[in-house]
Engineer: 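Pasting in a structure now, in C-alpha cells, and then I'll have a few things to ask.
First listed ligand is number 1; within each ligand, the first listed atom is number 1. Predicted model only: the values in this text are computed from it and were never measured. The first residue of the sequence shown is numbered 1, and numbering continues consecutively from there.
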Amino acid sequence: MKIKVLKFGGTSVGSVEAIKRSANIICDWSKKSKVIVVLSAMSGETDRLINLTKSFSKSPNPVDFDNAISTGENLSCALMSIYLNNQKTKSKFLHSWQIPIMTSSEHMKSRILSINKNFLLNELENLDVLIVPGFQGINERREITTLGRGGSDTSAVAVAAAMDAECIIYTDVEGVFTTDPNIVPNAKKINKISYEEMLELASQGAKVLQTRSVELAMRKNTKLSVRSSLKPKKIGTIITDEESVLEKNTVSGIAYTKDEAKITLSRVLDKPGVSSKIFGPLSKGNINVDMILQNISQDGKFANLSFTLPRADLEKALKIIKKEKSKIGYKKIISSNNISKISVVGVGMRSHAGVAQTLFDTLGKNKINIQVITTSEIKISILIDEEHTDLAVKKLHQAFKLHK
Ligand code: ASP
Ligand code: MG
C-alpha cells in the first residue's frame with residue numbers, strides 16, 4: 001500500500017477557505033496513494049484555549065490542561081473529514097486514543113513512544129484518507145497528553161516513520177529560507193538541506209519546523225519536505241541526509257532568537273565542583289542552560305562565569321542561584337535580557353576555514369559587539385545586544401552571499 005503523510009499547520013486550516021484549499025491538496029494526493037493527514041489546530045486556537053483555561057485556574061492540573069488544549073486539533077480534524085466526505089473522498093477522523101498514539105507519561109511535553117501501524121493499515125483498506133490530530137497522544141494511564149508547542153510536526157513525522165512513508169509538511173511559507181525573509185527580503189528558499197543543518201537551524205530559532213520533528217526524521221531517515229499550502233505545486237524544501245545534498249554550502253542559513261537571557265556570576269571560586277553547584281540546581285529546576293563562558297581572573301583564584309538561558313526562565317533561575325549563594329560562593333550576580341543569539345549554520349564548515357573570520361569581520365565593521373561565542377562542527381553562535389539583531393542578520397546574510 002502506497003501511503004503519503006501530509007501535515008497541515010494552523011494557517012493551512014485557519015479558516016473555512018483554508019480548510020477547503022488544503023482539502024483540495026489532500027484530494028489530489030488521494031488519487032495517487034492512500035493519505036494520512038495530520039492536522040494542527042486552527043491558527044490562534046491553541047493560544048485561545050490556553051488563555052481560556054486561565055479564566056478558571058492559574059494552575060490547572062496537567063490532565064485537565066491537556067484535555068482542554070488538545071481539543072483544537074480535534075475540531076480541525078472533524079471539520080476536514082466532514083468536507084472531504086462531502087467531496088466524495090472517503091475519509092475518517094481517528095482520535096489519538098483510538099489508534100492509539102502512545103506517549104510517555106508526563107503532560108505538556110510528552111514524547112511519542114509508539115503508533116499502532118497495523119490498526120492504521122486496516123483502517124486505510126476501506127478509506128482514501130485517514131485524519132489524525134497532531135500534538136497529542138495518550139499515556140499508559142490512558143490520559144490525553146500533549147507534545148509541547150508546535151508538536152504537530154513531530155506527530156506527522158512520527159506517523160510517517162511508523163508507516164515507512166514520506167512526510168510533507170504544508171505551511172504558509174514556501175519552504176525553509178536562508179534566513180527570516182521578514183528581516184532580509186532577498187533571503188532565498190533552500191531547495192535541499194541536510195537533517196543536521198535543519199536541526200541546527202530549527203533549534204537556533206528558525207520556526208518552520210519543530211526541532212523534535214527534525215530530530216526524529218533524522219533518526220528514522222524519514223523523507224521530509226516543507227511546502228506551501230498556498231502554492232502546493234511548488235517543491236519547497238527537501239530535508240534529507242547529507243550525502244543527497246550535492247551542493248554543500250559552507251554556510252546554508254542564519255537563524256536567530258530574541259528570547260535569550262544572560263546571567264553573569266562574578267568572582268566565583270576557581271576550583272573543582274563549582275560548576276556543578278551552579279548548573280546542578282538549575283537543571284533540577286528544569287532550566288536549559290545554553291552557552292557557557294568562563295574567564296579566569298588574573299590572580300587565578302576567582303573566575304567570572306556567564307551563561308545563557310531562555311528569557312522565560314530568567315526569574316526562576318535567578319531565584320535558584322540566589323538561594324544557592326552560600327554553597328556556590330560568588331560576589332555579584334548580574335543579569336540581562338535584552339540580548340539575542342545569532343547562529344550561522346552549514347555543513348561546509350567542516351572542510352572550509354574562515355567562516356568565523358568572516359563573521360567577526362562583518363560584525364566588527366558594523367560596530368556590533370560580540371558577548372559570547374560558541375561553536376560546533378557545523379555552527380557558530382554569537383550573543384549580541386538585541387537591538388542589533390536585524391542589522392547583524394542582514395550584514396551576515398550579505399557577507400556569506402546567501403542571496404546569490
Ligand atoms: N496547535 C499546537 C500549537 O499551536 C500544535 C501545533 O500546531 O503544532 O502549538
Ligand atoms: Mg508549527
Side-chain angles (χ1 to χ4, degrees), residues 5-15 18-19 22 25 36-54 60 62 65-80 93 95-96 101 103 106-112 115 131-138 144-161 167-177 180-182 198-199 201-217 222 224-230 236-237 239 255 257 259 310 312:
V5 174
L6 314 178
K7 183 255 174 181
F8 292 84
T11 46
S12 303
V13 292
S15 63
I19 292 179
S22 297
I25 300 173
I36 302 179
V37 172
V38 176
L39 296 184
S40 282
M42 298 171 82
S43 49
E45 180 67 0
T46 308
D47 288 331
R48 189 185 74 87
L49 293 169
I50 291 171
N51 281 328
L52 199 53
T53 65
K54 289 185 189 145
F65 187 72
D66 274 351
N67 275 327
I69 70 166
S70 60
T71 57
E73 271 68 15
N74 294 333
L75 178 62
S76 354
C77 289
L79 295 175
M80 181 63 84
F93 157 32
H95 285 272
S96 55
I101 296 177
T103 72
E106 74 272 30
H107 285 268
M108 282 124 75
K109 51 169 196 289
S110 311
R111 299 191 150 257
I112 295 178
I115 294 175
I131 308 180
V132 177
F135 181 51
Q136 60 203 279
I138 61 165
I144 299 285
T145 53
T146 61
L147 311 180
R149 297 308 303 270
S152 295
D153 293 336
T154 303
S155 303
V157 173
V159 170
C167 181
I168 305 176
I169 308 264
Y170 284 95
T171 178
D172 53 359
V173 291
E174 271 176 54
V176 180
F177 280 74
D180 183 353
N182 292 316
M198 192 61 234
L199 190 59
L201 286 176
S203 67
Q204 299 304 318
K207 291 183 184 69
V208 198
L209 289 172
Q210 198 201 30
T211 307
R212 269 166 57 196
S213 70
V214 185
E215 217 170 63
L216 186 62
T222 306
L224 179 64
S225 60
V226 177
R227 290 189 193 194
S228 162
S229 61
L230 295 163
T237 301
I239 299 125
T257 54
D259 40 17

Engineer: For Gly150, is at least one N or O under 3.5 Å away from an N or O on ligand 1?
Structural biologist: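 It does: an N or O of Gly150 is found under 3.5 Å from an N or O of ligand 1.
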
Engineer: Please list, in number order, the atoms of ligand 1 under 4.0 Å from a heavy atom of Arg149.
Structural biologist: 3 (C), 4 (O), 9 (O)

Engineer: Rounded to the nearest 0.5 Å, what separates atom OG1 in Thr46 from atom CG in Asn51?
Structural biologist: 11.0 Å

Engineer: With a 4.0 Å cut-off on N to O distance, would you call Arg149 and Asp47 a salt bridge?
Structural biologist: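 Looking at Arg149 and Asp47, the cut-off is met.
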
Engineer: Do Arg48 and Glu45 sit within salt-bridge range, that is, some charged N less than 4.0 Å from a carboxylate O?
Structural biologist: yes

Engineer: Report yes if some heavy atom in the side chain of Phe93 is under 4.5 Å from a heavy atom in the side chain of Pro133; otherwise report no.
Structural biologist: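 Yes, at least one pair of side-chain atoms sits under 4.5 Å.
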
Engineer: Please state whether Gly151 comes within less than 4.0 angstrom of ligand 1, counting heavy atoms only.
Structural biologist: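 Heavy atoms of Gly151 do come under 4.0 Å of ligand 1.
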
Engineer: Side-chain contact test, heavy atoms from C-beta onward, threshold under 4.5 Å: evaluate it for Gln136 versus Asn74 and give yes or no.
Structural biologist: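 Side chain of Gln136 against side chain of Asn74, heavy atoms only: contact under 4.5 Å found.
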
Engineer: To which protein heavy atom is atom 6 (C) of ligand 1 closest, and what is the distance rounded to 0.1 Å?
Structural biologist: Ser152 OG, 3.3 Å

Engineer: For ligand 1 and Glu73, I'd like to know whether there is a polar contact (N/O to N/O, distance under 3.5 Å).
Structural biologist: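 The answer is yes, given that Glu73 and ligand 1 share an N or O pair closer than 3.5 Å.
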
Engineer: Any idea which atoms of ligand 1 are less than 4.0 Å away from a heavy-atom of Ser40?
Structural biologist: 6 (C), 7 (O), 8 (O)

